[in-house]
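Read the structure below first, then the notes.
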Amino acid sequence: MGLSTDEVVARLEAMRSGDLPTHGGRTLAYVYDSGLADADALGRRALAMFASANGLDPTAFPSLLQMEQELVGFAGRLLDAPDGYVGTATSGGTESILLAVQTARDARPDVERPRMVLPTTAHAAFHKAAHYFGVEAVLVPVDPVTFRADADAMAAAIDDRTVLVVASAPSYAHGVVDPVGAIAGTAAAAGARCHVDACIGGWVLPYLQRAGAELPAWTFEVEGVTSISVDLHKYAYTPKGVSLLLHRTAALRRPQFFAAADWPGYTMLNSTTQSTKSGGPLAAAWAVVTHLGDDGYATLAAQVGDGIRALLAGLAAIPQLTVVAAPESTLVALRVDESCDVFTICDEMQSRGWFVQPQMAFGGEPPTMHLTLSAATAPLVPEFLAALADSVAAAVAAGPVRVAPELVAAAGAIDPATLDEAAFDGLLQVAGLAGADGELTLPERFAPVNALLDVAPPRLREALLVAFLDRLSRPRPTTSP
Ligand SMILES: Cc1ncc(COP(=O)(O)O)c(C=O)c1O
């Protein structure tokens, strides 16, 4: 006999105590908190009600099809979708992006070595799609001041192998909206699709705009936009596991579908990468969206907008910090001066009960600190700013983490393709992620680790972290029930 219900719940609670808090507004990445206990409870109830329903077959579970189509309808109104548009619920932003890339590729069987043109700020999910689907990612540097995509440079990168061109609304790292009009226009002229990644902004920007925020057009209002991804599990504040991928027409979506009849079982017929999929996240999203409605989201967006304004005003009193790009959404990236370093500030914030996310140096730009503001964080901005001021003061007192020049040189010289497992064990030790016995350790403070990872070129950082994840996700005595 296994454990009693109470014992199991106690175990779950104990395991969860080491996690970042999902609610309370003090976690400024990974989670989105409306601060509305009723909406959360409703989402959890719907999640449980449909947890075992299977989205594999919409004729067997028509409720899920109905909920999907109603959510697509809601999103279509938000995103100015034209008559004839269609949409699919997926498990998250990455799956929506994977499908957009796969669909663009498969719509063009005439192109032998397909390419997609991306601003360097496009989400890493596009790199994953490139890897999975053999579509070459052509990365185009963004404007060095505004961090928006450079539409002219992207136009110059489009060629007859380009099947997809991408814009973000907004980009995750800097929170700015790309010039979608110009990008979509050149994509259309070249006969390529244009995907707008509104995974993070799609459910909040329209409400900020209705309240007066000025942004150039970025939705289906722009003619050349062929698809848009928008996540419900971000600013629709629904439990994790739902995003939508909208296409301008059914014909554009068709290559997304997959059928396999050539085996003795049921004919597999899928609109997404998953086959069997829980109805829980979709039902939870339907419940929360139906409950909050347009008015609820308008209020939540206004709350976040106020929070961003209060944050920007308060940051002026912390001279060591500057905003990287004028935020056009609900995300802020901050840069620090020479007196301290981002990684130490992040650790200091964590020790004060706040999670902010470090972003590594990229393309000649120094590391930054990323803040995703949820509605629940907005009223806490004064407290957040006080903690930030204290954290910066502590980081200045400690001085910036320095990485020994010989380590910087060594990191630059290593070709990760030549490393064997023993070499990775050694490097993980140097990075402070493994002890002398090779056993993985998670440091109390991440600044020294992050500072080291920061000087590693992207390929080495990827290889090191994959080696780390590989070791982290092996069975260990502490992970068994
Ligand atoms: C702009 C953007 N696109 C895609 C994604 C990927 O979404 P997910 O983590 O749900 O797969 C994110 C996640 O933060 C995002 O901000």
Side-chain angles (χ1 to χ4, degrees), residues 20 22 27-33 71 75 78-79 88-102 116 118-133 137 139 142 147-149 164-178 180 183 194-206 208 215 218-219 225 227-246 272-274 277-278 281-282 284-285 304 324-325 327-333 355-360 362 368-374 377:
L20 284 176
T22 55
T27 305
L28 281 81
Y30 303 123
V31 301
Y32 301 79
D33 181 5
L71 286 171
L78 275 185
L79 303 174
T88 307
T90 73
S91 63
T94 298
E95 190 182 5
S96 290
I97 287 168
L98 290 175
L99 288 170
V101 174
Q102 173 259 315
M116 59 180 157
L118 313 174
T120 45
T121 48
H123 193 273
F126 290 96
H127 299 246
K128 187 173 190 176
H131 176 67
Y132 278 13
F133 301 126
L139 293 172
V142 298
F147 290 89
R148 294 195 200 107
L164 183 67
V165 182
V166 169
S168 309
S171 62
Y172 180 80
H174 305 109
V176 296
V177 176
D178 288 334
V180 173
I183 293 170
C194 175
H195 180 79
V196 175
D197 177 8
C199 281
I200 202 160
W203 218 274
V204 67
L205 288 178
L208 292 175
L215 282 178
W218 59 272
T219 61
V225 170
S227 57
I228 302 182
S229 48
V230 53
D231 294 356
L232 290 152
H233 64 199
K234 294 192 168 78
Y235 280 100
Y237 297 106
T238 75
K240 294 277 182 257
V242 204
S243 166
L244 299 173
L245 173 60
L246 269 51
T272 60
T273 47
Q274 286 186 306
K277 50 191 170 191
S278 170
L282 179 67
V304 184
V324 176
E328 293 180 308
S329 61
T330 53
L331 318 171
V332 180
F355 181 82
V356 294
Q357 190 179 49
Q359 301 185 134
M360 303 274 156
F362 176 77
T368 56
M369 191 191 314
H370 172 100
L371 317 177
T372 290
L373 225 72
S374 283
T377 306

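When a ligand or atom number is given, it counts from 1 through the structure's own listing order.
The 4.0 Å heavy-atom shell around ligand 1 contains residues Gly92, Gly93, Thr94, Ile97, His123, Pro170, Tyr172, Asp197, Cys199, Ile200, Asp231, His233, Lys234, ordered by chain and number.
Residues Thr372 and Tyr30 have side chains not in contact (no heavy-atom distance under 4.5 Å, counting atoms from C-beta outward).
The side chain to side chain contact (heavy atoms under 4.5 Å, CB included) test with Pro119 singles out one residue from Val165, Asp178, Ile183, Leu139, and that residue is Asp178.
When the salt bridge (Lys or Arg N to Asp or Glu O under 4.0 Å) test is applied to Glu95, no partner is found at least two apart in sequence or on another chain.
Within a 6.0 Å radius of NZ in Lys128, other residues, nucleotides and ligands contribute 12 heavy atoms or fewer.
Side-chain polar atoms of Thr368 and His370 form no donor-acceptor pair below 3.5 angstrom.
At distances below 3.5 Å, at least one donor-acceptor pair connects side-chain atoms of Ser329 with backbone N or O atoms of Gly175.
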